[in-house]
Amino acid sequence: MADEPASEVQLLRKHKAQLIDILSADADFVLQHADSRCLLSSHGYQQVKACRIPSEKVTELLDHVIQRSPEAAQGFLQLLKEQSLQETFPLLEFVKDLQVTTLSSDGGLLNRCGLRKGDHLCRTEDMDSDRVPLSDLSESLIDHSEGQRFLNETVKIIVEEVLQKGTDVKEKVCEWKAPEELALLLDLELRSTGEPEERLLQRVKDVAKYSVKTCHPHFFNQQFAGVDYHSLSGRFLSEALNTNLFTYEVAPVFILMESEVLRAMRRLVGWTEGDGLFCPGGSSSNMYAMNLARHRHFPDVKTRGLFGLPRLAVFTSPESHYSVKKGAAFLGIGTDNVVLVKVDEGGRMVPSDLNEKIMLTKSQGAVPFLVSCTSGTTVQGAFDPLDQIADICEKHKIWMHIDAAWGGSVLFSKQHRHLMKGVDRADSVAWNPHKMLSAGLQCSVLLLKDTSNLLKQCHSASATYLFQQDKFYDINLDVGDKSVQCSRKVDCLKLWLMWKAVGSEGLERRVDKAFLHVRYLVEQMKKRDGFTLLREPEFVNVCFWYIPPSLRGKEGNTDYQKKLAQVAPTIKERMMKQGTMMLGYQPLGNRVNFFRVVVLSPLVCQKDMDWFLDEIERLGKDL
């Protein structure tokens, strides 16, 4: 039975393996005939000609023809039907029976440019530069059927390689390769000609294969782990819609959605009114807060700049996020004007030292304008005492900002929200749902108590091509002028869809479950030899040393600390190269390298905690 009619490109793809097998008998003969009919570009011809193995030469030839255009594919099929090719390759007889979708009135093949049998293609580089083929104007550059087929195949790869294998504990967290080897495997060079679909799909598989699977239950390295399928669906949808969150006319759904998500998050903080926006990461949120605080104290800085300002001072702890210093540098405040406040042994800011340093800074002629405290420090997971800090900020009339990028999600938990007692007294809060809630990168918000439209006052540039004042709807819905960015991704959808799916109670269970896992992990550590806690965890960061058998009982030796400092990096190297898990380590003050395991993924369970301890012992027992 004859094949159903199909496009030239589809026919070549369908019979590609068969054609490679037949034409490899004399690949150069086919190449010369294809070149004489201008079926390849000059560059494509040289690439095919450079292949030494006949089967590879035919494969390259077919790929270039398929990739170039439907007209090239049609021309190649006509070539295969010609007598010279049929006599040289008798097995090509099947090509005569292939049916092509579009037929002309005289029975010949008719392509989109009106070419019939016997017509030849011309290379673009051989054409007069000021002559534009009619087809270039009458047709789109995108073939929707091909594009959607490629997308469907890509989604299949994502589901299989990332979401199935990537969440399977039997699979590796990472297929480790050295940088030079990985670069060679990926073939990263960008060339003048495109690649065929089959090769592109292999590229997709390679990207998935050699990337770190952060959704793996044994990925404990960073504060973004696991996967939420509702959130992921939101990410796919927002990427496909590809809109910009700056005006109601281009993003009506998402303008309203962002407003509602921000309102719900402010309610968890304890505010009935306020403002806010989604930002590209917690660092940006912290910088926004710093800029807003400065604008409230010195609004003329927007127009006059730094000239004439007094020396400004920011106060934070040495265990706060490095973005505080980055923000001071970026905004022209200067890192020397970031005053570090003492912390207690748990990493929490000491209020009495904060008050003393503020008074000292004032006496030196500087103006304190911002205190950046932390709810959930990066390393130890410490929570600064917010109520006491709020008293001091109110006393000195200083903006109080809380970096709760990591710890803010405890606000969902009735059992653990006490860690942020006093949060409602802050002026601004940074919070990253892409961390503990697994909303997916990036999902970061800045929440404000302010109701005076300070965001817009501080950042507005009133671009008339976007923010016209005579629109037919409420122009307050055009929120883009509040942002430093113009283009702003839709980050609210992933959180909204996830929140809709499981509700506040479901998100509360995730937070509580993470604390239960940490409690169990710490209990098991205390039952095993070789595990020493840095301190009892306040949050879901567990910081510990693993002491291998060779170092136990030798704490008094002069080289003990030096040898201990090498344990974590060595175990980390082994786990990475074997691909079994990922775990971070760092020094802190005078304490040498220790591990930090972050337990947050909704995919982990008790057996993963047991496996984690067993794997540390396995990787480090011979050190």
Side-chain angles (χ1 to χ4, degrees), residues 163 214-215 223-282 284-285 288 404-413 417 428-448 455 473-474 476-480 482-483 485 487-511 513-514 600-603:
L163 300 176
T214 63
C215 56
Q223 295 161 337
F224 50 90
V227 62
D228 178 275
Y229 290 99
H230 299 101
S231 174
L232 183 59
S233 299
R235 293 157 74 187
F236 287 160
L237 179 55
S238 63
E239 290 298 323
L241 288 169
N242 191 39
T243 194
N244 192 330
L245 228 171
F246 51 29
T247 61
Y248 183 78
E249 62 190 270
V250 297
V253 172
F254 302 124
I255 290 287
L256 299 178
M257 183 181 292
E258 182 180 63
S259 176
E260 175 57 27
V261 173
L262 291 170
R263 186 191 66 80
M265 297 182 79
R266 286 195 302 267
R267 190 170 62 240
L268 287 168
V269 169
W271 300 331
T272 56
E273 296 180 290
D275 204 350
L277 76 167
F278 277 75
C279 303
S284 296
S285 298
Y288 264 108
W406 177 214
S409 296
V410 300
L411 293 174
F412 276 102
S413 170
R417 66 172 290 123
S428 56
V429 176
W431 182 357
N432 289 3
H434 71 235
K435 293 188 174 180
M436 197 169 194
L437 299 181
S438 298
L441 290 163
Q442 60 194 27
C443 189
S444 307
V445 299
L446 174 70
L447 303 173
L448 297 173
L455 268 171
Y473 58 81
D474 182 0
N476 290 315
L477 293 170
D478 289 351
V479 299
K482 293 181 178 182
S483 168
Q485 302 162 261
S487 299
R488 193 160 65 93
K489 288 175 66 67
V490 175
D491 291 327
C492 59
L493 175 58
K494 64 194 83 170
L495 177 57
W496 179 84
L497 199 58
M498 179 178 71
W499 202 334
K500 276 285 193 180
V502 302
S504 299
E505 293 179 356
L507 297 177
E508 179 180 24
R509 282 194 294 273
R510 292 186 186 185
V511 174
K513 189 71 173 291
L600 69 106
S601 171
L603 301 180

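Values reported hereafter were calculated over all heavy atoms of this structure, with side chains retained and with hydrogens, waters and symmetry mates removed. Positions are given from 1 along the sequence.
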>> If I compare all heavy atoms of Ala439 with all of Met498, which pair ends up nearest, and what's the gap?
In response: CB-CE, 3.9 Å

> From Ser259 OG over to Asp275 CG, what is the distance, rounded to the nearest 0.5 angstrom?
Replying inline: 9.0 Å

>> For a side-chain contact (heavy atoms from CB on, under 4.5 Å) check, start with the C-alpha distance between Ser444 and Asp491, then their side-chain angles and the critical distance, and finish with the verdict.
In response: CA-CA 8 Å; Ser444 307; Asp491 291 327; over 6 Å; no

> Pro433 versus Met265: any side-chain heavy-atom pair under 4.5 Å?
Replying inline: yes

>> Would you say that Trp499 contacts Leu437 through its side chain, given a criterion of any heavy-atom pair below 4.5 Å between the two side chains?
In response: no

> Do Trp496 and Val490 come close enough that some side-chain heavy atom pair is under 4.5 Å?
Replying inline: no

> Just how far is it from atom NZ of Lys435 to atom OG of Ser409, taken to the nearest 0.5 Å?
Replying inline: 10.0 Å

> With a 4.5 Å heavy-atom cut-off, do Leu163 and Leu232 have their side chains touching?
Replying inline: yes

> Going by heavy atoms in the side chains, are Ser285 and Trp431 under 4.5 Å from each other?
Replying inline: no

>> Among Val502, Leu268, Asp228, exactly one meets side chain to side chain contact (heavy atoms under 4.5 Å, CB included) together with Leu507. Which residue is that?
In response: Val502

>> Show the nearest heavy-atom pair for residues Leu497 and Ser233, with the distance to one decimal.
In response: CD2-CB, 4.2 Å

> Taking only residues two or more places apart in sequence, or in another chain, which ones meet Phe254 in a ring-ring contact (aromatic ring centres under 6.0 Å, His included)?
Replying inline: none

> For the atom pair CG (Leu495) and CD (Glu258), what is the distance rounded to the nearest 0.5 Å?
Replying inline: 11.0 Å

> Taking all atoms of both residues into account, what is the closest heavy-atom pair of Ile255 and Phe246, and its distance?
Replying inline: CD1-C, 4.4 Å

> About how many Å separate SG of Cys443 and CZ of Phe278, when rounded to the nearest 0.5 Å?
Replying inline: 5.0 Å

> Are side-chain heavy atoms of Tyr473 and Thr247 found at a separation under 4.5 Å?
Replying inline: yes

> Closest approach of Gln442 and Pro280, non-hydrogen atoms and distance?
Replying inline: NE2-CA, 3.2 Å

> At what distance, to the nearest 0.5 angstrom, does CD of Glu239 lie from CG of Leu493?
Replying inline: 10.5 Å

> Counting distance only, does the side-chain N/O of Asn432 pair as donor-acceptor with the main-chain N or O of Gly281 below 3.5 Å?
Replying inline: no

>> Quick one, Leu477 and Leu256 - any side-chain contact, counting heavy atoms below 4.5 Å?
In response: yes

> Just wondering, do Arg488 and Asn244 contact through their side chains at under 4.5 Å, heavy atoms?
Replying inline: yes

>> Return the CG to CG distance between Leu277 and Leu446, rounded to the nearest 0.5 Å.
In response: 6.0 Å

> Between Pro602 and Ala225, which heavy-atom pair has the shortest distance, and what is it?
Replying inline: CD-O, 4.4 Å

>> Testing the basics here: between Val250 and Thr243, what is the closest heavy-atom pair and its distance to 0.1 Å?
In response: O-OG1, 2.8 Å

